[in-house]
Q: 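I have a structure here, written as structure tokens, and I will follow up with some questions on it.
Read the numbers this way: they start at 1 and go in the same order the structure lists the ligands and their atoms. Not measured: the values here are computed from a predicted model.
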Amino acid sequence: MFGGIEAGGTKFICGIGTSPADLETTQFPTSSPDITVGSVIEFFHKSRAKLQSIGIGSFGPLDLDPDSPAYGHITSTPKPGWRNFDLAGTIRNALQLPVAIDTDVNAALLGEARWGAARGLTDAIYMTIGTGIGGGALVRGEVVHGLVHPEMGHLRIPHDRTRDPFPGACPFHGDCLEGLAAGPAIQARWGAVGTTLPPDHPAWALEAQYLAYGLNNLAVTLSPQRILLGGGVMQQSHLFTLIRREFAQLLNGYVQHPQLLDQLDHFIQTPQLGSRAGILGTLVLAERAQ
Ligand code: ADP
Ligand code: ZN
């Protein structure tokens with residue numbers, strides 16, 4: 001059996017299992033590292049004997065450089081109490097088990113690649129549009145880390161201030177993709193949460209435009225075989241049609257492949273594992289833990 005932890009800004013999901021067939025989960029609210037990680041450790045202690053290793057998919061930014069003294073730490077988060085917290089080390093020391101850690105979106109991507117909508121693909125992108133925007137890329141079957149890890153939410157995209165005077169909500173960049181298109185930006189721009197805006201509200205055409213810009217940039221950079229869009233905002237399923245239309249217009253027939261012409265429904269689609277993608281992906285991480 002493997003243990004998995006999906007560490008999020010509002011809750012920590014803990015799971016034990018090997019696959020979607022046998023995964024059992026429980027969750028704890030995110031408060032301080034002491035309390036939350038304390039509960040997580042207590043939970044796994046009870047099953048310690050049957051666990052081979054632990055996989056963690058976490059909010060970040062994270063230090064994922066194996067040679068860094070801060071490997072496995074949460075680094076520059078504005079979240080009170082969590083800055084520079086040694087998440088992987090604390091779990092490893094308490095449980096005396098091998099631990100593997102990656103970003104929450106990379107974990108979700110691994111879950112989808114093993115059991116979901118990216119199964120059998122070597123090149124794919126998973127992006128979540130929720131409180132923030134984050135994304136992971138699978139390239140030749142491997143999750144991309146690079147120098148740190150990708151921060152696809154902070155792509156810079158065109159912002160027509162006549163059409164949309166909203167300055168953007170990213171504390172670092174203002175009108176980056178996340179600043180313009182994450183859930184809190186929708187709420188701040190229109191004065192209402194996304195859940196209350198009807199499908200014909202202009203918020204959605206604008207949202208689709210911004211997301212299509214981001215996806216266009218990712219598609220021409222990484223040439224993925226498929227892009228999966230998850231997160232709370234994508235519960236607005238009508239967005240998919242709008243995004244595909246905008247995406248096709250932006251690409252303008254330049255990149256020639258059937259996937260990008262008449263098969264956009266497959267190219268840009270929903271994750272199949274839904275809200276379980278992340279926690280399932282932590283099991284894949286756990287398999288690789290050393
Ligand atoms: P998190 O990103 O915190 O893990 P979510 O993916 O649920 O959680 O994202 C929360 C954000 O998504 C909030 O800004 C919320 O307003 C927005 N959101 C959640 N559900 C919907 C929905 N059905 N329609 C539009 N926006 C939504
Ligand atoms: Zn930003």
Q: Determine, using heavy atoms of Pro184 and all atoms of ligand 1, whether some pair is separated by less than 4.0 Å.
A: yes
Q: Counting heavy atoms only, name the option from Thr131, Ile186, Leu239 that's nearest to atom 8 (O) of ligand 1.
A: Thr131
Q: Suppose we measure from atom 9 (O) of ligand 1 to each protein heavy atom; which comes out shortest, and what is that distance?
A: Gly130 CA, 3.1 Å
Q: Going by the ring pair (Phe, Tyr, Trp, His ring centres under 6.0 Å) test, name the single residue among Tyr213, Tyr210, Phe267 that passes it with Phe247.
A: Phe267
Q: What is the nearest protein non-hydrogen atom to atom 5 (P) of ligand 1, stated with its residue, atom name and distance?
A: Gly232 N, 3.6 Å
Q: Tell me the closest heavy-atom pair linking Leu155 and Gly214, and the distance in Å.
A: CD1-O, 3.8 Å
Q: Sub-3.5 Å donor-acceptor pair from the side chain of Thr30 to the main-chain atoms of Gly8, do we have one?
A: yes
Q: Does the protein place any heavy atom closer than 4.0 Å to atom 21 (C) of ligand 1?
A: yes
Q: Between Arg114 and Gly281 (side chain of the first, backbone of the second, donor and acceptor by atom type, cut-off under 3.5 Å), is there such a pair?
A: no
Q: Nearest heavy atom to atom 16 (O) of ligand 1: which of Thr30, Val193, Thr196, Val233 does it belong to?
A: Val193
Q: When you measure from the side chain of Ser53 to the backbone of Ala286, do you find a donor-acceptor pair of N or O atoms at a distance under 3.5 Å?
A: yes
Q: So, of the N/O/S atoms that His154 has, which is the nearest one to the Zn ion (ligand 2)?
A: ND1
Q: Within the structure, does Gln236 bring an N/O atom to less than 3.5 angstrom of an N/O atom in ligand 1?
A: yes
Q: Taking the N/O/S atoms of His173 one by one, which is nearest to the Zn ion (ligand 2)?
A: ND1
Q: Is any side-chain heavy atom of Arg189 closer than 4.5 Å to one of Leu180?
A: yes
Q: Less than 4.5 Å apart, any side-chain heavy atom of Phe44 and any of Leu97?
A: no
Q: Considering non-hydrogen atoms only, spot the tightest contact between Thr77 and Pro61 and give its length.
A: N-CD, 4.1 Å
Q: Please name the pair of heavy atoms, one in Cys176 and one in Gly153, separated by the smallest distance, quoted to 0.1 Å.
A: SG-O, 3.9 Å
Q: In terms of residue, atom name and distance, what is the protein heavy atom nearest to atom 14 (O) of ligand 1?
A: Gly183 CA, 3.2 Å
Q: Report, rounded to 10°, the angle at the Zn ion (ligand 2) between the two atoms SG (Cys176) and SG (Cys170).
A: 110°
Q: Find all atoms of ligand 1 within a distance of less than 4.0 Å from any non-hydrogen atom belonging to Gly231, and give their numbers and elements.
A: 6 (O)
Q: For atom 23 (N) of ligand 1, what is the nearest protein heavy atom, given as residue, atom name and distance?
A: Gln235 CB, 3.3 Å
